[in-house]
Protein chains: 2
Amino acid sequence: MAAVDLSTHPGHLARRLQQAHYLLWTTMVSEEITSPQYGVLNALMAEPGLDQRTVGERVGLDRSTVAEVVGRLGRRGLIEKVRDTEDGRRFSLRLTGEGAGVHRKLTVRTARMNHVFLAPLSEAEQAVFLDLLRRVSDAAEQLRSPVGVTGAGDGDAAHRPW
Amino acid sequence: MAAVDLSTHPGHLARRLQQAHYLLWTTMVSEEITSPQYGVLNALMAEPGLDQRTVGERVGLDRSTVAEVVGRLGRRGLIEKVRDTEDGRRFSLRLTGEGAGVHRKLTVRTARMNHVFLAPLSEAEQAVFLDLLRRVSDAAEQLRSPVGVTGAGDGDAAHRPW
DNA sequence: CGATATTCATCAGTGCACTGACTACTTCCG
DNA sequence: CGGAAGTAGTCAGTGCACTGATGAATATCG
């Protein structure tokens, strides 16, 4: 039984891609604020007052991870959380003034980093790359929560293609 | 200052891609053996007797992470490590019989999983996708260890394009 | 109204990934 | 030979990511 060439495995390449990105991020964007943390700041910039679950939905983090990330951002004074008066289960999250400032600074640097990260590809290839990344990620996301088969069709909830 | 659309950020998509892969792996391949662990088994199948540093190079893991992963695989009896008699700093790593069996079983399942993972793309797109992933990851890897400028050229060690 | 379902958040446990500090062994060179 | 430099591996600390269990508040249904 022979070994396999990992460079033909999308999962292996996905991990390497993320590591490569991590490296670039810490050198070009920030050593204190991580990429997921920036994602949370960005989500709250777009929609102030979100609760943790929804932030997780926007950024692609599960409840536990959101709790940790939010905890760190709170400790650094970049966001504040207050109980939702409407629904006592929720926290309402908002950027502080400092948080908004950090978001702005990092947004500029992140743009520069993205430029470098994609530099090995031509303009056309970059567009294709992003499109393919999105499609594969989205498709796998569907398999997670099989999107209620609203209406007709056979009632079989999850068509697992394997 | 407006918020940004994360779906245009390759780093964000890289993270989501890896999460998607993780999900598929645990459901379709194994809940016990992770993808990086499989990578190590595969490297040792290809080249028995490797030391940890080299395994890390093959699989894309740093020394610390290799140590952890190797520790887990050793505890499960899938690999064995013995001091290299030539060089007392190194351990020589080998698959056990059980390790080889696990590798074989997972190799089959991994192929099936890769198929599902890439299913949203056409054959042609899949090839392009893997190529782009490889090129971006490799390029960023270079920035890490700037590959000794062997010979001529201006002596400037690392051309950081930012 | 009151028991049951959900839903938001937390916590414990496991695993990958990186850095920086440290030990032990080898190699290089004077 | 013997000290300096380099290399393999470990360890401590931080951070992301997932599962499964639990607690608190809300929503729903009989």
Side-chain angles (χ1 to χ4, degrees), chain A residues 11-12 14-27 30-40 50-57 59-76 81-93 140-141 144-145, chain B residues 11-12 14-27 30-40 50-57 59-76 81-93 140-141 144-145:
Chain A
H12 175 72
R15 188 171 56 78
R16 286 196 46 213
L17 186 72
Q18 211 212 339
Q19 288 173 197
H21 171 256
Y22 172 83
L23 174 66
L24 228 55
W25 180 278
T26 54
T27 60
S30 171
E31 293 188 9
E32 281 85 44
I33 308 299
T34 65
S35 174
Q37 285 173 24
Y38 171 76
V40 169
L50 286 185
D51 64 308
Q52 292 189 187
R53 194 194 66 75
T54 311
V55 166
E57 218 170 74
V59 182
L61 299 173
D62 71 310
R63 48 218 150 78
S64 298
T65 305
V66 172
E68 285 186 45
V69 172
V70 161
R72 279 182 204 108
L73 291 172
R75 256 174 268 130
R76 293 187 197 212
K81 56 192 277 190
V82 291
R83 277 280 173 201
D84 188 328
T85 49
E86 304 274 304
D87 187 336
R89 291 168 299 187
R90 300 183 180 176
F91 286 106
S92 178
L93 305 175
E141 190 95 353
R144 163 173 243 123
S145 46
Chain B
H12 175 71
R15 189 171 55 78
R16 287 196 46 214
L17 186 71
Q18 212 213 338
Q19 289 172 195
H21 171 256
Y22 172 82
L23 174 66
L24 230 55
W25 180 279
T26 52
T27 60
S30 171
E31 293 188 9
E32 281 85 44
I33 306 301
T34 65
S35 173
Q37 286 174 24
Y38 171 75
V40 170
L50 285 185
D51 64 306
Q52 293 190 186
R53 194 193 67 74
T54 311
V55 167
E57 218 170 74
V59 182
L61 299 173
D62 71 308
R63 316 159 252 137
S64 297
T65 306
V66 172
E68 285 186 46
V69 173
V70 162
R72 281 184 203 106
L73 292 173
R75 255 174 269 130
R76 293 186 197 214
K81 55 192 276 190
V82 291
R83 277 282 175 198
D84 188 328
T85 49
E86 303 275 304
D87 186 337
R89 291 168 298 186
R90 301 183 178 176
F91 286 105
S92 179
L93 305 175
E141 189 95 354
R144 162 173 242 121
S145 46

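In the text below, chain A, chain B and the rest are named by the order of the sequence lines, each starting its count at 1.
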Test item: B:Q19 side-chain N/O and A:G60 main-chain N/O as donor-acceptor pair under 3.5 Å | yes
For A:Q19, answer base if it contacts any base atom (sugar-phosphate contacts may also be present), sugar-phosphate if it contacts only those atoms, and nothing otherwise; contact means non-hydrogen atoms under 4.0 Å.
-> sugar-phosphate
Contact class for B:L23 vs. all strands (heavy atom < 4.0 Å): base, sugar-phosphate, or nothing?
-> nothing
Integer-rounded Å distance: D:dA17 C1' and A:Y22 OH | 15 Å
Give a yes or no answer on whether the side chain of A:R75 reaches the backbone of A:V70 with a donor-acceptor pair at less than 3.5 Å.
-> no
Examine D:dA17: is either OP1 or OP2 under 4.0 Å from a nitrogen or oxygen in the side chain of B:R15? Give yes or no.
-> yes
Kindly write out the residues that satisfy side-chain hydrogen bond (donor to acceptor under 3.5 Å, both in side chains) with B:Q18, not counting sequence neighbours, or none if the list is empty.
-> none
Between the protein and nucleotides 25-28 of chain D, list every N/O to N/O distance that falls short of 3.5 Å.
{"from": "D:dT26", "atom 1": "OP1", "to": "A:G88", "atom 2": "N", "distance (Å)": "3.2"}

Donor-acceptor pair present, A:T26 side chain and C:dC18 base, under 3.5 Å = no
Residues passing the side-chain contact (heavy atoms from CB on, under 4.5 Å) test with A:V55, sequence neighbours excluded, are A:V40, A:L44, A:L50, A:V59, A:L93
Interatomic distance where CG belongs to A:D84 and P belongs to C:dC8 [whole Å] = 11 Å
What form does the base of C:dA12 take, syn (within 90° of 0) or anti?
-> anti
With A:R76 via side-chain contact (heavy atoms from CB on, under 4.5 Å) - residues at least two apart = A:E32, A:I33, A:L78
For atom CD of A:Q52 and atom C1' of C:dT7, their distance in whole Å = 13 Å
Rounded to whole Å, the CG-C1' distance (B:D62 to D:dG13) equals 14 Å
Atom CD of B:Q18 and atom P of C:dG15 are separated, to the nearest Å, by 16 Å
5′-ward residue of the pair A:R53/B:R63 relative to DNA chain C = A:R53
In the strands shown, is C:dA5 matched to any nucleotide by a Watson-Crick or G-U wobble pair with both distances under 3.5 Å, and which?
-> none
Please tell me which of the listed nucleotides, C:dG15, D:dT10, D:dG15, lies nearest to the side chain of A:R76?
-> D:dG15
Mind checking salt bridge (Lys or Arg N to Asp or Glu O under 4.0 Å) for B:R16 and listing every partner two or more places apart, or none if nothing turns up?
-> A:D138, A:E141
Interatomic distance where CG belongs to B:L61 and C1' belongs to D:dA8 [whole Å] | 16 Å
On a plain distance test, is the side chain of B:S64 in donor-acceptor contact with the base of D:dT10 below 3.5 Å?
-> no
Test side-chain contact (heavy atoms from CB on, under 4.5 Å) applied to B:R53 - qualifying residues, sequence neighbours left out = B:D51, B:E57
Closest of D:dC18, D:dA17, D:dT10 to the A:P36 side chain is D:dA17
Select base, sugar-phosphate, or nothing to describe what B:D51 touches, counting heavy atoms under 4.0 Å on all strands.
-> sugar-phosphate
Just wondering, do B:V66 and B:D62 contact through their side chains at under 4.5 Å, heavy atoms?
-> no
For B:L17 and A:A14 the tightest heavy-atom approach is CD2-CB, 3.5 Å
What nucleotide among D:dC18, C:dA17, D:dT10 has an atom nearest to a side-chain atom of B:T65?
-> C:dA17
Counter-base of D:dT26, judged by Watson-Crick or G-U geometry with both distances under 3.5 Å | none
Mind calculating the distance between CD (B:E32) and C1' (D:dC18) to the nearest angstrom?
-> 15 Å
Between the protein and nucleotides 3-5 of chain C, which nitrogen or oxygen pairs are less than 3.5 angstrom apart?
none

Would you please confirm or rule out a distance under 4.0 Å between OP1 or OP2 of D:dA8 and any side-chain N or O of B:K81?
-> no
If you check every side-chain atom of B:E68, which of C:dC18, D:dG9, D:dG15 has the closest atom?
-> C:dC18
Taking atom P of C:dC25 as reference, at what distance in whole Å does atom CZ of B:F91 sit?
-> 10 Å
Salt bridge (Lys or Arg N to Asp or Glu O under 4.0 Å) partners of B:R89, counting only residues at least two apart | B:D87
Residues which pass ring pair (Phe, Tyr, Trp, His ring centres under 6.0 Å) with B:H12, listed by chain and number, not counting sequence neighbours = none
